[in-house]
There are 2 protein chains.
Amino acid sequence: MRQIKHPAIEQVELIEILYALADPTRMEIVVRLAKAGRKLTCGELDLNRPKSSMSHHFKILRSAGLVETVVDGTEHMNSLRLAEIEQKYPGVLESVLKATQDSAAPDSL
Amino acid sequence: MRQIKHPAIEQVELIEILYALADPTRMEIVVRLAKAGRKLTCGELDLNRPKSSMSHHFKILRSAGLVETVVDGTEHMNSLRLAEIEQKYPGVLESVLKATQDSAAPDSL
DNA sequence: TCCAATGTTCCAATATAATCGAACATTGGA
DNA sequence: TCCAATGTTCGATTATATTGGAACATTGGA
């Protein structure tokens with residue numbers, strides 16, 4: 001397998017995006033990718049879970065169209081398809097990311 | 001049971017909202033409530049499913065904080081908690097609703 | 001060529017969710 | 001008081017998702 005297949009933005013479904021985000025592990029991955037603003041390997045995204053579990057979640061994130069993975073040697077570099085998704089579903093992903101920022105350790109709680 | 005309990009907006013979790021929306025039946029309910037712009041009974045929202053199934057989905061929509069139900073005689077009037085959710089999670093619900101409008105039977109496909 | 005590193009795939013086990021018939025609760029009206 | 005209407009709850013069944021160990025594939029370097 002040289003490179004990994006991803007759905008074209010045309011066939012990305014809103015409900016699949018919502019489903020993919022509706023899991024704490026996957027949400028965490030998405031949030032970290034957004035914060036990083038650069039491609040991250042699965043290893044860098046370590047969430048203290050077995051490789052097979054992480055791979056499972058990445059598969060769902062990819063098939064939902066949220067994450068793009070490019071193979072680089074033995075590593076897989078992951079990034080958010082933020083711009084594409086914003087264009088097709090304006091505000092959806094951005095508002096979700098914004099909401100996670102706001103609720104994450106605010107000044108006073 | 002006189003009236004039904006709902007979570008306060010403070011305890012409404014983003015991930016619960018996403019989970020609740022990530023189901024075709026529930027998404028359909030939410031979209032119809034949004035389009036109606038008024039309170040609807042479960043009956044008016046008929047999606048050709050048994051009462052017990054509908055009740056199950058409404059329970060999830062309520063516990064996620066998306067839907068408010070007030071008892072009126074033998075009927076249960078349902079409405080979207082759009083304003084509250086918009087205030088807590090700006091853009092999330094609105095952008096999702098917008099996305100469903102845009103993709104629903106556009107002029108050319 | 002051999003090997004370590006990075007992920008994926010396979011598989012089985014467990015957990016969670018959806019479905020829906022039947023019984024139940026509540027209400028308002030005849 | 002009885003009954004029909006509207007939903008909820010219960011319980012069982014089925015379907016779908018998550019989890020993680022083990023084996024596998026690919027790559028680059030020693």
Side-chain angles (χ1 to χ4, degrees), chain A residues 1-7 13 15-30 32-33 36 38-80, chain B residues 1-7 13 15-30 32-33 36 38-80:
Chain A
M1 176 201 311
R2 189 102 203 93
Q3 289 293 328
I4 294 179
K5 287 281 183 185
H6 299 84
E13 302 272 2
I15 212 155
E16 300 274 328
I17 289 178
L18 298 176
Y19 167 74
L21 291 172
D23 172 276
T25 302
R26 292 192 293 265
M27 177 65 91
E28 184 65 28
I29 292 173
V30 167
R32 292 199 190 188
L33 285 176
R38 63 182 178 88
K39 296 189 201 303
L40 296 179
T41 66
C42 303
E44 287 178 299
L45 282 157
D46 187 36
L47 301 180
N48 288 336
R49 278 178 180 72
K51 290 189 299 177
S52 55
S53 293
M54 292 300 283
S55 188
H56 164 74
H57 288 301
F58 270 106
K59 193 174 185 177
I60 289 170
L61 288 169
R62 269 182 231 117
S63 73
L66 274 167
V67 167
E68 183 178 49
T69 304
V70 295
V71 179
D72 175 22
T74 65
E75 295 182 329
H76 289 199
M77 307 304 295
N78 303 286
S79 55
L80 262 193
Chain B
M1 174 200 313
R2 191 103 202 91
Q3 288 294 329
I4 294 178
K5 287 281 183 184
H6 299 84
E13 302 272 2
I15 212 154
E16 301 273 329
I17 289 178
L18 298 176
Y19 166 74
L21 291 172
D23 172 276
T25 301
R26 292 192 294 264
M27 177 65 91
E28 184 64 27
I29 291 173
V30 166
R32 291 198 191 189
L33 285 176
R38 64 180 177 89
K39 297 190 200 303
L40 296 179
T41 65
C42 302
E44 287 178 299
L45 282 157
D46 186 35
L47 301 180
N48 288 335
R49 280 178 180 71
K51 290 189 299 179
S52 54
S53 294
M54 293 298 284
S55 188
H56 165 73
H57 288 302
F58 270 106
K59 193 173 186 177
I60 289 169
L61 287 168
R62 269 182 231 117
S63 74
L66 274 167
V67 166
E68 183 178 48
T69 304
V70 296
V71 179
D72 175 22
T74 65
E75 295 183 328
H76 290 200
M77 308 302 297
N78 303 286
S79 55
L80 261 193

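Convention: sequence-line order gives letters A, B, ...; per-chain numbering from 1.
- B:Thr41 comes within contact range of the sugar-phosphate backbone alone, with a heavy-atom separation under 4.0 Å but no base atom that close.
- Consecutive pairing runs in DNA chain D reach the stem threshold at C:1-30 with D:1-30, where a stem means at least three Watson-Crick or G-U wobble pairs with distances under 3.5 Å.
- Atom CG in B:Asp72 sits about 13 Å away from atom C1' in D:dA5, given to the nearest Å.
- One interatomic measurement links the two molecules: CZ of A:Phe58 to P of D:dT18, which rounds to 15 Å at whole-angstrom precision.
- Of the two residues near DNA chain D, A:Gly73 and A:Pro50, the one whose nearest nucleotide lies more 5' is A:Pro50.
- Looking at heavy atoms from C-beta onward, B:Leu33 lies in side-chain contact with B:Leu45 at the 4.5 angstrom threshold.
- Between B:Thr69 and A:Arg49, the one whose closest nucleotide on DNA chain D sits nearer the 5' end is B:Thr69.
- Residue B:His57 contributes atom NE2, which lies 15 Å from atom P of D:dT9 at whole-angstrom precision.
- Summarising the geometry, atom CD belonging to B:Glu44 is positioned 7.0 Å from atom CD belonging to B:Glu75; distances are rounded to the nearest 0.5 Å.
- Across all non-hydrogen atoms, the minimal contact from B:Gln3 to B:Val71 is OE1-N, 3.0 Å.
- With rounding to whole Å, A:His76 atom NE2 is found 16 Å from C:dA5 atom P.
- Taking SG of B:Cys42 as the start and NE2 of B:His57 as the end, the distance is 12.0 Å to the nearest 0.5 Å.
- When the C1' atom of D:dA25 is taken as reference, atom CD of A:Gln3 falls 15 Å away, rounded to whole Å.
- Under the side-chain contact (heavy atoms from CB on, under 4.5 Å) criterion, A:Thr74 pairs with no residue, sequence neighbours left out.
- The shortest side-chain heavy-atom distance between B:Thr41 and B:Met77 falls under the 4.5 Å cut-off.
- Of the candidates C:dT27, D:dT8, C:dG7, C:dT27 carries the atom nearest the B:Thr74 side chain, counting heavy atoms from C-beta on.
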Residues 15-25 of chain B side chain polar contacts: donor-acceptor under 3.5 Å, at least two apart:
from	atom 1	to	atom 2	distance (Å)
B:Asp23	OD1	B:Thr25	N	2.9
B:Asp23	OD1	B:Arg26	N	3.0

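- With sequence neighbours left out, A:Glu13 forms a salt bridge (Lys or Arg N to Asp or Glu O under 4.0 Å) with no residue at all.
- Residue B:Ser53 places none of its side-chain N or O atoms closer than 4.0 Å to OP1 or OP2 of C:dA18.
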Side chains of residues 62-69 of chain A: which donor-acceptor pairs under 3.5 Å do they make with residues two or more places apart or in other chains?
from	atom 1	to	atom 2	distance (Å)
A:Arg62	NE	A:Thr69	OG1	2.8
A:Ser63	OG	A:Lys59	O	3.4
A:Ser63	OG	A:Ile60	O	3.1
A:Thr69	OG1	A:Asn78	OD1	2.6

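- Between B:Arg38 atom CZ and B:Leu80 atom CG the span is 13.5 Å, to the nearest 0.5 Å.
- The CD atom of B:Glu75 sits 14 Å away from the C1' atom of C:dG29 (whole-angstrom rounding).
- The distance between atom CG of B:Leu47 and atom C1' of C:dA18, rounded to the nearest whole Å, is 15 Å.
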Can you name the atoms? Protein N/O to nucleotides 22-24 of chain D N/O, anything below 3.5 Å, with the distance.
none

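- A straight line from CE of B:Met54 to C1' of D:dT9 spans 17 Å, rounded to a whole angstrom.
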Under 3.5 Å, which protein N or O atoms sit close to an N or O of nucleotides 13-17 of chain D? Give each pair with its distance.
from	atom 1	to	atom 2	distance (Å)
D:dA17	O5'	A:Tyr19	OH	3.4
D:dA17	O3'	A:Tyr19	OH	3.2

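- With sequence neighbours excluded, no residue forms a salt bridge (Lys or Arg N to Asp or Glu O under 4.0 Å) with A:Arg49.
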